[in-house]
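Quick note: residue numbers are just sequence positions, from 1.
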Amino acid sequence: MPKTSWKLSLRQYCDKLHFIVFAQVFLAIALIVKPFIIVYIIYIYFLFKRKLINKKLIIFLILLALIFIFLFLFYNISPNYINGNIYVIEVKENYFIYYYKFNKYMSYTKLNIEAGDILYITAYKAEYLSPSYPGDFDTLNFLRGKEIKNIYEIEEYQIISHIFNFNNLRNKILTYYKPKIASEYYDIFSCLIFGQNSIEDTSSYAKLNILHVLALSGFHLLLIYNFLFKIIFKKSKRYILSENISLLFITFYVLLCGMSLSLLRALFFLILTKINKRLDIGFNKLDIFSITFLLLTINPLKIYNIGFILANLASFLILFLKDFVKCQNKFKRQILEGILFLLICFPFISNMSNQLSLFSFISFIFANIISYIFIPILFIFLIVPSLSHYLVFLILGFTSELEFISNLLVISFPYMNNYYKLIYYFLLFLILFNLSQGVRKKTYVFSFIILLLIYLISPKLTKDKVVFIDCGQGDAVIVNSSNKYFLIDCYNAYDYLLKTNITKLEALFISHSDSDHLGDALEIVANLDVNIVYYSKYDKEIINIFKGYDVRLEPLDFNDNVKIGNSLIHVISGLKEYEDINDNSLVFYLEIMNKTFLFTGDISKEVELDLLPYLNDVDVLKVAHHGSDTSTSREFLTCVKPEIAIISVGYQNRYGFPKKITVNNLADYSLIYLTYNYGNITINANTIKTYKNEAFVL
């Protein structure tokens with residue numbers, strides 16, 4: 001039967017929608033990577049010249065782009081103060097999210113409220129720090145990914161009323177199940193059935209490239225839909241009624257689970273598929289995928305949601321897998337599919353954990369166990385929760401084995417920036433496109449391999465440098481000397497080491513055992529290759545702290561020297577033992593790149609006076625005790641005369657560091673750099689580079 005004119009017209013337009021999807025993707029990338037706007041313009045010109053889309057679709061594309069840009073710019077506008085009613089939509093342990101005048105905001109204040117409450121509040125816009133180094137946590141992008149306009153500090157609040165909210169309903173359901181479900185199962189139950197994201201340690205899933213199975217997805221919807229459809233159809237024998245009731249129920253399920261993007265995408269795709277079949281419109285998979293994508297991306301903030309990106313990459317792969325992987329052997333095909341999935345998700349997965357196990361190439365085995373065994377069992381627990389107590393051995397055995405396997409044959413990766421990602425996906429797209437056309441072009445494969453090698457090797461080709469890590473209210477400095485790395489204190493340093501793919505340390509110097517200097521030491525020693533830990537001979541606590549760890553400990557005394565690569569460490573502390581642990585800090589010169597650095601730990605003015613006979617002019621001073629007024633005396637500065645003074649200090653810390661008198665003393669001699677203002681501060685042979693500011697010639 002021939003299709004009606006409206007169906008043909010609709011089919012004609014939708015057949016071109018994938019061109020709009022690519023335009024939307026290019027525009028979204030251009031909002032993050034500004035130079036990519038050139039690619040967007042070239043692409044639009046290409047569509048126009050080749051007449052791949054007609055005038056109506058070009059107008060639609062222009063309107064879509066204008067809406068997209070307007071919404072993106074509008075997002076950046078938020079009031080300095082909120083004074084009025086808000087509607088609470090989600091409450092977490094240490095923050096809550098709410099609507100105010102149709103916009104979404106967040107507050108970290110912990111209040112005695114629940115989802116569905118209407119509050120009258122007065123609040124002011126809070127400040128938050130931008131990233132300190134590539135790959136550091138980006139608060140702004142985190143907010144954008146959740147479509148939140150800004151963070152506010154609550155000054156006053158009053159609960160006005162309460163109305164129904166699905167998130168509150170979900171919390172009540174989980175409260176009902178929590179005492180009934182075995183405690184070993186509860187976290188994974190709340191995560192995989194209700195999207196609660198309550199699994200604390202997901203590193204094993206990340207290393208095996210199965211992090212996506214922890215997100216509610218199309219698999220959940222299809223499982224529920226097919227189960228309900230079969231039961232209802234068996235009873236009613238009415239096909240359309242069974243479909244409608246099943247679709248209505250999974251829509252309720254999506255609302256109950258917080259309307260996550262992965263579930264919304266799956267729901268839209270399923271509904272459009274059913275409409276397409278019922279009306280016999282003739283959409284293909286690409287058309288439905290395109291319509292679903294455009295429906296969800298009318299809000300440009302979704303481009304910052306990693307879950308949304310991975311969900312679309314995964315769904316695209318699943319839909320068109322047979323075009324790329326042509327293999328009759330089922331096991332071999334699944335391995336090839338697993339490799340392809342890993343390649344497609346790699347830039348984002350590697351940036352999450354910076355580590356992957358080689359067992360991720362057979363990740364489909366672990367994903368299938370979770371999808372086809374654990375998720376159905378967890379749904380059964382909804383009906384018979386007491387059964388979970390008899391199956392505890394399953395979750396305990398599986399999670400322990402998963403953790404064990406994930407730590408075997410682990411490869412570390414540096415952070416992949418946006419430019420690497422763009423080149424990576426461009427080459428991968430060319431390879432997949434040629435595979436789908438039955439063409440094998442070795443040039444693209446060779447270029448792709450070269451790109452990966454450059455990406456992996458480039459961090460190892462850096463010149464000598466000293467990096468003062470913006471670690472918050474503590475100290476951490478990484479030194480590269482002839483590609484031999486050593487760390488001076490390590491507060492909040494582990495994440496930075498992973499992002500820069502530093503897996504081996506020649507030495508770890510601990511100035512003293514206070515937590516703001518010791519920091520991540522045990523995690524670093526446990527997970528990285530550390531040759532030796534140096535510490536002050538008067539800091540006896542270090543021996544107890546590292547007890548049970550397989551690492552060599554070496555105390556340092558006055559006049560000791562340590563040579564690493566092209567650098568020399570000369571110790572001047574250890575003249576005598578002091579009562580205060582801060583005063584027993586390691587104090588030493590670091591000579592590297594024809595420059596002299598002086599590291600002072602947390603010593604006080606008393607120790608500074610004792611060290612005066614051993615002090616010389618230095619190029620760079622790591623200011624003692626985060627800029628406290630108990631250190632950095634005039635007498636001390638007169639001896640060292642630093643050109644550069646680095647103060648490692650946290651933003652709005654409770655100690656009020658750095659103190660004004662200390663900054664004033666330093667200002668007479670030095671250029672002063674605070675880590676919370678400048679982010680990571682990198683000093684090499686000729687320049688000092690700050691992550692949040694421009695480079696200055698020394």
Side-chain angles (χ1 to χ4, degrees), residues 126-133 136 466-478 488-493 496 511-512 514-519 573 580-583 585-588 590 596-609 611-612 615 617-683 688-694 696 698:
E127 294 185 35
Y128 50 82
L129 293 176
S130 55
S132 299
Y133 51 83
D136 191 19
V466 178
V467 181
F468 294 82
I469 302 171
D470 180 18
C471 59
Q473 186 56 38
D475 276 1
V477 181
I478 186 74
I488 303 168
D489 287 330
C490 49
Y491 184 73
N492 288 342
Y496 177 75
S511 63
H512 62 295
D514 276 357
S515 61
D516 60 336
H517 293 256
L518 185 72
S573 58
D580 192 331
I581 188 175
N582 287 338
D583 287 337
S585 296
L586 273 178
V587 181
F588 56 85
L590 166 65
T596 303
F597 296 73
L598 179 59
F599 291 86
T600 53
D602 279 353
I603 61 172
S604 67
K605 293 176 182 177
E606 177 189 351
V607 182
E608 290 176 352
L609 291 175
L611 292 176
L612 289 182
L615 297 176
D617 292 1
V618 298
D619 297 294
V620 181
L621 169 67
K622 203 295 294 178
V623 177
H625 210 176
H626 322 290
S628 167
D629 54 8
T630 60
S631 310
T632 321
S633 63
R634 283 279 181 180
E635 294 85 353
F636 174 78
L637 290 173
T638 301
C639 290
V640 297
K641 299 182 182 67
E643 295 181 17
I644 301 292
I646 309 289
I647 303 178
S648 184
V649 64
Y651 178 68
Q652 292 184 344
N653 60 87
R654 61 190 177 94
Y655 307 103
F657 293 160
K659 296 296 186 180
K660 187 175 182 179
I661 186 172
T662 304
V663 174
N664 289 340
N665 287 342
L666 287 165
D668 291 339
Y669 299 90
S670 314
L671 290 173
I672 305 170
Y673 292 86
L674 277 64
T675 52
Y676 76 63
N677 278 340
Y678 289 93
N680 275 21
I681 301 165
T682 303
I683 298 176
I688 176 168
K689 296 180 180 178
T690 59
Y691 187 71
K692 297 180 183 179
N693 288 275
E694 297 296 323
F696 301 93
L698 289 177

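- Ring geometry for H626 against F657 counts as parallel: the plane angle stays under 30°, on a 0 to 90° scale with 60° as the upper cut.
- With rounding to the nearest 0.5 angstrom, the NZ atom of K659 is 12.5 Å from the CD1 atom of I647.
- Annotation: side chain of L637 is not in contact with side chain of D668 (no heavy-atom distance under 4.5 Å).
- A heavy-atom distance below 4.5 Å is not found between the side chains of D136 and D470.
- Rounding to the nearest 0.5 Å gives a distance of 9.0 Å between CG of N680 and NZ of K692.
- For D475 (side chain) and I488 (main-chain N/O), no donor-acceptor pair under 3.5 Å exists by modelled atom type.
- The distance from the OG1 atom of T690 to the CD1 atom of I681 is 7.0 Å, given to the nearest 0.5 Å.
- Closest heavy-atom contact between D602 and H625: OD1-CA, 3.1 Å.
- Between V477 and F597 the shortest side-chain heavy-atom distance does not fall below 4.5 Å.
- Checked by atom type and distance alone, the side chain of D489 never pairs as donor or acceptor with a backbone atom of G474 at under 3.5 Å.
- Separating the SG atom in C639 from the CG atom in L598 is a distance of 11.0 Å, to the nearest 0.5 Å.
- Nearest heavy-atom pair across I469 and A493 is CD1-CB, 4.3 Å.
- Residues P658 and L674 meet the side-chain proximity criterion, which asks for heavy atoms closer than 4.5 Å.
- Considering every non-hydrogen atom in both C471 and S648, the closest pair reads SG-OG, 4.0 Å.
- Taking each heavy atom of T632 and L666 in turn, the nearest pair found is CG2-CD2, 3.8 Å.
- With sequence neighbours excluded, no residue satisfies side chain to side chain donor-acceptor pair (under 3.5 Å) with N492.
- Listed here is the closest heavy atom pair of Q473 and G650: OE1-N, 2.9 Å.
- With a 6.0 Å radius and a threshold of 12 heavy atoms from other residues, nucleotides or ligands, L612 has its CG atom above the threshold.
- Within the 3.5 Å criterion, the main-chain N or O of P642 finds a donor-acceptor partner in the side chain of S670.
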Inset, instruction - Dump the intermediate steps for side-chain contact (heavy atoms from CB on, under 4.5 Å) on L615 and F636, then the final yes or no. - result: CA-CA 8 Å; L615 297 176; F636 174 78; 3.5 Å; yes

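- Taking the side chain as every heavy atom from C-beta outward, I644 and Y673 approach each other to under 4.5 Å.
- In this structure the side chain of S631 reaches within 4.5 angstrom of the side chain of E608, judged on heavy atoms.
- Here D629 contributes atom CG and Y655 contributes atom OH; the two are 14.0 Å apart, rounded to the nearest 0.5 Å.
- None of Y133, F468, Y491 except one satisfies the ring pair (Phe, Tyr, Trp, His ring centres under 6.0 Å) rule with Y496; the exception is Y133.
- Residues S573 and S585 are not in side-chain contact: their nearest non-hydrogen atoms beyond the backbone lie 4.5 Å or more apart.
- Contact annotation: the side chain of T630 never approaches that of N582 to less than 4.5 Å [non-hydrogen atoms, C-beta and beyond].
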Inset, instruction - Evaluate side chain to side chain donor-acceptor pair (under 3.5 Å) for Y691 paired with T682, printing each intermediate quantity in order. - result: CA-CA 8 Å; Y691 187 71; T682 303; over 6 Å; no

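- One distance of note links NZ of K622 with OG1 of T600; it measures 4.5 Å at 0.5 Å rounding.
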